[in-house]
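The next block holds one structure in the form of structure tokens; read it before the comments.
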Amino acid sequence: MTDDSNAAAPAPSDFIRDIVAQDVAQKRYAKIVTRFPPEPNGYLHIGHAKAICIDFGIAKENSGQCNLRMDDTNPAKEEVEYVDAIVDDIKWLIAGWADQCLGLKPKGATPSVQTINGQPDYHLAAASPGAGQANAEPFFASDYFEQLHSYAVTLIQRGKAYVCDLSPKETDEYRGAPDRPGKDSPFRNRSVAENLDLFARMKAGEFPDGARSLRAKIDMASPNMWLRDPLLYRIRHIAHHHTGDAWCIYPLYDYAHCLSDYLEGVTHSLCSLEFTDHRPLYDWVLENLSLPRPLPHQYEFSKLRPTYTLVSKRKLIQLVTSGAADGWDDPRLPTLRGIRRRGVPASAVRRFAIGAGVTKFISTTEYAVFEHAIREELNTLAHRRLAVLKPVKVVLTNIPAGEKFECAATNDPQSEKPATRPIQLTREVFIESDDFAEVPPPKYFRLKPGGEVRLKYACIIKCDEVIKDGAGQITELRCTADLSTRAGGPNVDRKVKGTIHWVSATLALDAEVRLYDRLFTVPEPDADGDFMKHLNPHSLDVVKAKVEPSLEGATSGQYFQFERLGYFVLDAKDAKPGRLVFNRTITLRDTWAKSP
RNA sequence: UGCCCGAUGGUGUAAUGGUAGCACAAACGACUCUGACUCGUUUUGUCUAGGUUCGAGUCCUAGUCGGGCAGCCA
């Protein structure tokens, strides 16, 4: 069983796809190439899933590719450990859906030079796309440092960039404010020769961090702050995770990103709304270099913000470091790792992320939509099993000890030809404590003194006696089994209102089951700026459960529905041979629990 | 009192000048050896004011509200 039934999502349509379709119709590009550019300084979360689904989805729909690129231009913040985790998470998310579009490059490859229209043109093509590529790695912005540097020299030569000696603080002051124009740097009109010399010496390591910078010469009075002579390069005497100590000057995002897109032949650079103000700069850099090939274009869309959780890197870190969450793969976290460990299939994440749509409207998506997507996928993916979370012993007094009645239990009721497995009915069984009520509320369908209920796949039982201990706690229920209501029996069709799940007390296995719930008690945990205050104290409840024997060989790649309870998966981290640990991914929808 | 972006039921999203639709949520009902699934029914919407037009959610103007922008972060 895999987790990929390829969620049949209707072909999405949105303003970005409209633009791409137009570009395809006008044959503006030879091939549609998008990119997903994470900075390797943290783990991917559900918010990133939306971007991934858009980037890969659009590539897939247009027989294009989506390059996975590490946006690693700031060595102070980035680490290799994250690179592997990010690659792993993405492969998981797109497996069986868009892996054929995953753009990776041959290990160690850097852009090659060719001459187009008499001018040098750099290009780095993907290895033949596909996640299965051996000896392939993601693209790295840091692989383009050489080309980026050469482009910067060109900009200087064209009088479009200059070396500025202003300190970071002075630079801020000169920049002005949104409602107040900035003023020109005193170094703005240096000669090309001087700029070239200074930039070379910056690169050679002659100046300390922050002493000088390379800036674009645009317009200090622009109403767009990002056009007020933005920095292109800063000095950082620090080793880089990918390039080592080869460089002590590092490009900034706005300069590196557009050119990285160009170098890879990206056509549509899709990002979130906060980069809208940067777009003119993205275009400025590209246009002022007079590059020979068709230029990429940036389009922005609104992020995914689900309720009852957080998708801010900073806040996620706080949850992990404070111990509110147990590591980045805590099943309560919205990280892709946490979600995966929780038992959510990638197809459900995709269904949710794609279903959220693509607009420029800042929205919040109800967590219930995610839950619905999870149930929708799991309903078809998960095999049914019987497990009792909070057991109460039932003695079927008319069944002799040692006797077993084999019953056929359905594995996959949603399939056209459901398969079954044998389970054994014995004299002693466990039922869910919630399924018995000594004083039943109105419309209670389950077991009550003197009442009848069907043990699913087995037979109808009648409760004759309730046995309690000295403290008044129920220790066992003594019932009679109507064996004529078993499959094949004369009264198999006899109806009772309730059907409950059960396991054989003598044959059942012990299992630890972790019952997860939403991490926060309120839809917008950080609305008042104090999300730690709204942690759900019941986000994890651990129980000692009894599960049917067939679960012995369960693996973490299998999805299960414990009937009438919810969807469960073996915990990939803590389960060991001989120690069953299950995570509850999500409960079944429960209209009964809500009504009273 | 700058520039940019946005506004359709409770939530999200369609309608590309021509019947405001879909999904989730909610409510009710049918079915049921899962109070699940499935199926059926129902409730709730174009930010405001003007204008263009035979006709405006859509185009124009103004306003209101929300968001982004003053990192040598991405």
Side-chain angles (χ1 to χ4, degrees), chain A residues 10 12-15 18 37-39 41 71-74 76-78 164 166-169 171-173 175-182 209-215 222-228 230-236 250 252-254 256-257 271-280 300 302 307 313 355-373 375-376 379-380 384 386 410 413-414 443-446 454-460 485 487 492-493 495-501 523 561-566 587-595:
Chain A
S13 162
D14 53 67
F15 76 99
D18 289 347
E39 183 186 13
N41 70 345
D71 213 349
D72 56 352
T73 55
N74 185 355
K77 294 172 65 178
E78 295 143 8
C164 178
L166 253 24
S167 72
K169 192 161 172 283
T171 308
D172 279 354
E173 287 161 9
R175 185 154 34 226
D179 57 351
R180 191 178 73 239
D209 289 4
R212 290 179 217 263
S213 61
L214 184 73
R215 295 232 251 165
S222 171
N224 182 337
M225 297 298 290
W226 292 101
L227 259 22
R228 321 248 264 224
L231 271 77
L232 269 20
Y233 272 89
R234 79 282 230 185
I235 301 173
R236 283 283 175 281
Y250 292 96
L252 277 101
Y253 168 84
D254 288 293
H257 201 88
C271 61
S272 46
L273 251 28
E274 67 262 35
F275 292 101
T276 306
D277 290 341
H278 298 236
R279 191 186 338 124
E300 312 87 18
S302 179
T307 55
K313 204 172 281 178
V358 182
T359 65
K360 302 178 85 143
F361 176 56
I362 297 163
S363 59
T364 53
T365 303
E366 288 182 347
Y367 194 74
V369 180
F370 186 35
E371 295 182 321
H372 179 261
R375 292 189 179 109
E376 189 89 348
N379 185 39
T380 54
R384 313 287 120 125
L386 296 184
T410 307
Q414 307 294 324
K443 288 193 186 169
Y444 188 77
F445 296 167
R446 288 108 94 152
R454 179 177 281 279
L455 294 184
K456 181 142 192 178
Y457 304 125
C459 63
I460 294 171
T485 59
V492 64
D493 290 329
K495 306 286 183 206
V496 285
K497 195 65 185 164
T499 298
I500 63 173
H501 58 277
Q561 182 195 106
F562 292 171
E563 296 212 43
R564 302 211 311 131
L565 294 172
T587 61
L588 253 29
R589 204 161 152 266
D590 188 353
T591 45
W592 161 250
K594 290 179 187 176
S595 49

On the nucleotide [N], are OP1 or OP2 found under 4.0 Å from the side-chain N or O atoms that [X] carries?
X	N	result
A/Lys443	B/G35	no
A/Arg446	B/G35	no
A/Thr73	B/A74	yes
A/Ser363	B/U13	yes
A/Arg234	B/A74	yes

side-chain hydrogen bond (donor to acceptor under 3.5 Å, both in side chains) contacts in which one or both residues fall within residues 357-367 of chain A, not counting sequence neighbours: none
Inspect the contact between A/Lys169 and A/Asp172 and indicate whether a charged nitrogen and a carboxylate oxygen are less than 4.0 angstrom apart. no
Provide the distance between the two [atom1] atoms, one in [N] and one in [M], to the nearest whole Å.
N	M	atom1	value
B/C24	B/U42	P	16 Å
B/G12	B/G66	P	16 Å
B/U46	B/G57	P	11 Å
B/A20	B/U34	P	42 Å
B/U16	B/C60	P	16 Å
B/A56	B/A15	C1'	13 Å
B/A26	B/U64	P	38 Å
B/A23	B/U38	P	12 Å

Might you list the N or O atoms of the protein lying below 3.5 Å from N or O atoms in nucleotides 36-39 of chain B, with each pair's distance?
residue: B/A36; atom: OP1; partner: A/Thr591; partner atom: OG1; Å: 2.7
residue: B/C37; atom: OP2; partner: A/Arg589; partner atom: NH1; Å: 3.1
residue: B/C37; atom: O2'; partner: A/Asn379; partner atom: ND2; Å: 3.1

Do any N or O atoms of the protein come closer than 3.5 Å to N or O atoms of nucleotides 14-16 of chain B, and which pairs are they?
residue: B/U16; atom: O4; partner: A/Asp18; partner atom: OD2; Å: 2.8

Under the criterion side chain to side chain contact (heavy atoms under 4.5 Å, CB included), I'd like the reasoning laid out for A/Arg375 against A/Thr587: C-alpha separation, chi angles, the key distance, then a yes or no. CA-CA 9 Å; A/Arg375 292 189 179 109; A/Thr587 61; 3.5 Å; yes
Using atom CG of A/Leu231 as one end and atom C1' of B/A70 as the other, report the distance to the nearest whole Å. 14 Å
Nucleotide B/C72, atom C1' - distance to CZ of A/Arg212 in whole Å: 15 Å
Please list each protein N or O that sits under 3.5 Å from an N or O in nucleotides 59-68 of chain B, with the distance.
residue: B/G68; atom: N2; partner: A/Asp277; partner atom: OD2; Å: 3.2

Does A/His278 or A/Tyr444 map to a spot on RNA chain B nearer the 5' end, using the closest nucleotide for each? A/Tyr444
For A/His372, check ring-ring contact (aromatic ring centres under 6.0 Å, His included) against everything at least two apart and list the hits. none
Contiguous pairing runs of three or more, Watson-Crick or G-U under 3.5 Å, that involve RNA chain B: B:2-7 with B:64-69, B:10-13 with B:21-24, B:26-30 with B:38-42, B:47-51 with B:59-63
First locate atom OH of A/Tyr457, then atom OG1 of A/Thr410, and finally report the distance between them rounded to the nearest 0.5 Å. 4.0 Å
